[in-house]
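See below for the structure under consideration.
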Amino acid sequence: MKVALGQFVISPQWQNNAETCQILMARAVQAGAELLVLPEACMAQDGSDADGVLRLAQPLDGPFVSQLLAASRGSTLTTIAGMHTPSGDGQVYNVLVVIRDGQLIAHYNKLHLYDAWEMKESKNVKPGHAVPPLLEVAGFHVGLMTCYDLRFPDMARRLVMDGADVLVVPSAWVKGPLKEKHWEVLNTARALENTSYLIGVSACGGRNIGNSLVIDPMGMAIAHAAEDPALIFADLDKARLAQVRHALPVLENQRFVRPVLRDEQDA
C-alpha cells in the first residue's frame, strides 16, 4: 500500500484549509497513493484563541466535509483528516473523518484529551467513549488514534489486538521542550512494541512541530518530513509485516492479555 502524509500550517479559515486538503488529495491520487493522512484539527485551528474550537466547529454534514466528499468522488483514495464537531451541549468533539469516493465511511471521537503542559483540552472538548473500528484499506487493517492517544500504549495494543496492521496518528503536536524527541520515541515505540506500521502526521508552522513520519514494524523510519509543509510517501509491505511478526512474536508471547489475532477470529 502506498501511503501519503500531508503536513501543513493550519489556518483559522476553514476555506483555506479545505483548499489545501483538496490539493493534497489530488497530488496523492496523481502519485498513486491509496491512503492519505492529514493532521488533527486540520479543518481550522486558531492558536491565539483557546476557545476557538467552539467558534470554528462544524457538523459532519457541514461545508468542510462536504467539499472533501465532493473532491473524493470517483477515487479509491482513502483520506483521513481531523476537525471539531459540535457535541450539542456547548462543547465539541475532536473528530477524525475518513472519506472515500464521496462517502464518509467512518469517524472517531478522540478518547484521550490533552490536559498537560498547562493546556486543558477538556475545557471545551468532550472525550469519545468508543474504540474506533478498524478500516480496510488496500488489504491492510488500519487503526485510528489522535495525537495525545499516542502516549497511551494500551490503546495502540487494543487496536492491534483487534487486528490492526497499521496505526494512524493524525496530530497537531505542540512545540515545547523535548517535544520533537517525544514524538519520535513514542511513534517508534508504538510501532515496535506492536510489530505494526505506524503513520504519524503532525501539523507544522507556528505552534506545531511537523516531523511527520512512517515507522515500520521493526521500529525503523522509512519516511520522514522536516518542519515545513510537505507531502511525503511510503510503501507498506504485507510481507515485511509478516516477516517481523514471525521473527519477533511479541503479540503471541505476551502473558498478561493474549490477543485474539485476526486469523484466529476468521478460523
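We're numbering straight along the sequence, starting at 1.
Looking only at distances, no side-chain donor or acceptor of D165 sits under 3.5 Å from a matching main-chain atom of F140. Judged by distance alone, with hydrogens and angles left aside, the side-chain atoms of Y114 form no donor-acceptor pair with the main-chain N or O of C147 at under 3.5 Å. Side-chain atoms of N16 do not come within 3.5 Å of backbone N or O of P12 as any donor-acceptor pair.
We find the CD-OG1 distance between Q243 and T195 to be 12.0 Å, quoted to the nearest 0.5 Å. For the atom pair CG of L144 and CG of L134, the computed distance is 8.5 Å after rounding to the nearest 0.5 Å. Taken from CG in L56 to CE in M43, the straight-line distance is 6.5 Å, to the nearest 0.5 Å. Interatomic distance, H107 NE2 to M83 CE, rounded to the nearest 0.5 Å: 10.0 Å. Atoms OG1 and CG, on T78 and L36 in that order, are 9.5 Å from each other to the nearest 0.5 Å.
Contact between V92 and A57 at its shortest, heavy atoms only, is CG1-CB, 3.6 Å. The shortest non-hydrogen separation linking G200 to L198 is N-CD2, 3.7 Å. Nearest heavy-atom pair, R245 versus N194, reported as atom, atom and distance to 0.1 Å: NH2-O, 3.6 Å. Closest approach of H129 and L111 over heavy atoms only: N-CD2, 3.7 Å. Scanning all heavy atoms of the two residues, the minimum distance from I10 to E40 falls at CD1-O, 3.5 Å. Between S72 and I99, the shortest heavy-atom contact is OG-CG2, 3.3 Å.
D49 has a carboxylate O that lies under 4.0 Å from a charged side-chain N of R55, or vice versa, which qualifies the two as a salt bridge. In this structure, R158 pairs ionically with D162, as a charged nitrogen and a carboxylate oxygen lie closer than 4.0 Å.
Within the 4.5 Å cutoff, the side chain of L104 has no heavy atoms near those of the V98 side chain. Between C21 and L38 the shortest side-chain heavy-atom distance falls below 4.5 Å. With a 4.5 Å cut-off on side-chain heavy atoms, M1 and V137 count as touching. With contacts defined as side-chain heavy-atom distances shorter than 4.5 Å, the pair N124/D51 qualifies. V160 has its side chain within reach of L167: a pair of non-hydrogen atoms, C-beta onward, lies under 4.5 Å apart. Counting heavy atoms from C-beta outward, V201 and P39 have side chains that approach closer than 4.5 Å. Side-chain contact between I80 and L135: present, with at least one pair of heavy atoms (C-beta onward) separated by less than 4.5 Å. A heavy-atom distance below 4.5 Å is not found between the side chains of D115 and M119.
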Per-pair distances, 0.1 Å, donor-acceptor, side chain in residues 25-35, under 3.5 Å, sequence neighbours excluded:
unit_1	atom_1	unit_2	atom_2	d
E34	OE1	K2	N	3.1

Review item, side-chain donor-acceptor pairs of residues 203-221, under 3.5 Å, at least two apart:
unit_1	atom_1	unit_2	atom_2	d
N208	OD1	Q45	NE2	3.0
N208	ND2	A172	O	3.0
N208	ND2	W173	O	3.4
N211	ND2	I209	O	2.8
S212	OG	Q7	OE1	2.7
S212	OG	S202	N	3.1
D216	OD1	M218	N	2.9
D216	OD1	G219	N	3.2
D216	OD1	M220	N	3.0
D216	OD2	R240	NE	3.0
D216	OD2	R240	NH2	2.8

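Checked against side chain to side chain donor-acceptor pair (under 3.5 Å), Q22 has the following partners two or more places apart in sequence or in another chain: Q67. The side-chain contact (heavy atoms from CB on, under 4.5 Å) search around D89 returns S87, Q91, K126, not counting sequence neighbours. Taking A226 as the reference, nothing meets the side-chain contact (heavy atoms from CB on, under 4.5 Å) condition, with sequence neighbours excluded. Here S66 pairs with nothing under the side chain to side chain donor-acceptor pair (under 3.5 Å) rule; sequence neighbours left out.
Under a hydrophobic clustering in which Ile, Leu, Val, Met, Phe, Trp and Tyr are joined whenever their side-chain heavy atoms come within less than 4.5 Å, directly or via other members, I232 and L24 fall into different clusters. Using a 4.5 Å cut-off between side-chain heavy atoms of Ile, Leu, Val, Met, Phe, Trp and Tyr, with links allowed through other members, L96 and W14 fall into different hydrophobic clusters. The cluster map of Ile, Leu, Val, Met, Phe, Trp and Tyr, joined by side-chain heavy atoms under 4.5 Å apart, puts L251 and L159 in the same cluster. Side-chain heavy atoms closer than 4.5 Å link hydrophobic residues (I, L, V, M, F, W, Y) into clusters, and following such links, possibly through other members, connects Y197 to W183. By the criterion of side-chain heavy atoms lying less than 4.5 angstrom apart, applied directly or through intervening Ile, Leu, Val, Met, Phe, Trp or Tyr residues, L68 is not grouped with I105; the two fall into different hydrophobic clusters.
Taking the six-membered ring for Trp and thresholds of 30 and 60 degrees, F152 and H112 have nearly parallel ring planes, at less than 30 degrees apart.
Heavy atoms from other residues, nucleotides or ligands lying under 6.0 Å from NZ of K120 number 12 at most. Surrounding CD of Q103 are at most 12 heavy atoms belonging to other residues, nucleotides or ligands under 6.0 Å away.
Under the 6.0 Å distance and 45° angle rule, K110 does not count as a cation-pi partner of Y148.
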For this session: Kindly indicate, with the supporting measurements, whether the criterion side-chain contact (heavy atoms from CB on, under 4.5 Å) is fulfilled by L77 and T79.
Result: CA-CA 6 Å; L77 176 73; T79 299; 3.6 Å; yes

Problem set entry | Stepwise side-chain contact (heavy atoms from CB on, under 4.5 Å) test for R151 and L186 | CA-CA 7 Å; R151 292 187 180 273; L186 289 165; 3.7 Å; yes

Problem set entry | L5/L231 under side-chain contact (heavy atoms from CB on, under 4.5 Å): CA gap, chis, key distance, verdict | CA-CA 6 Å; L5 293 72; L231 180 65; 5.8 Å; no

Exercise. So E193 and V250, side-chain contact (heavy atoms from CB on, under 4.5 Å) or not? Walk me through it.
Worked result: CA-CA 7 Å; E193 70 196 6; V250 292; over 6 Å; no

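For N94 and N109, the side-chain atoms include no donor-acceptor pair closer than 3.5 Å. Side-chain atoms of D149 and Y108 form a donor-acceptor pair, as typed in the model, at a separation below 3.5 Å.
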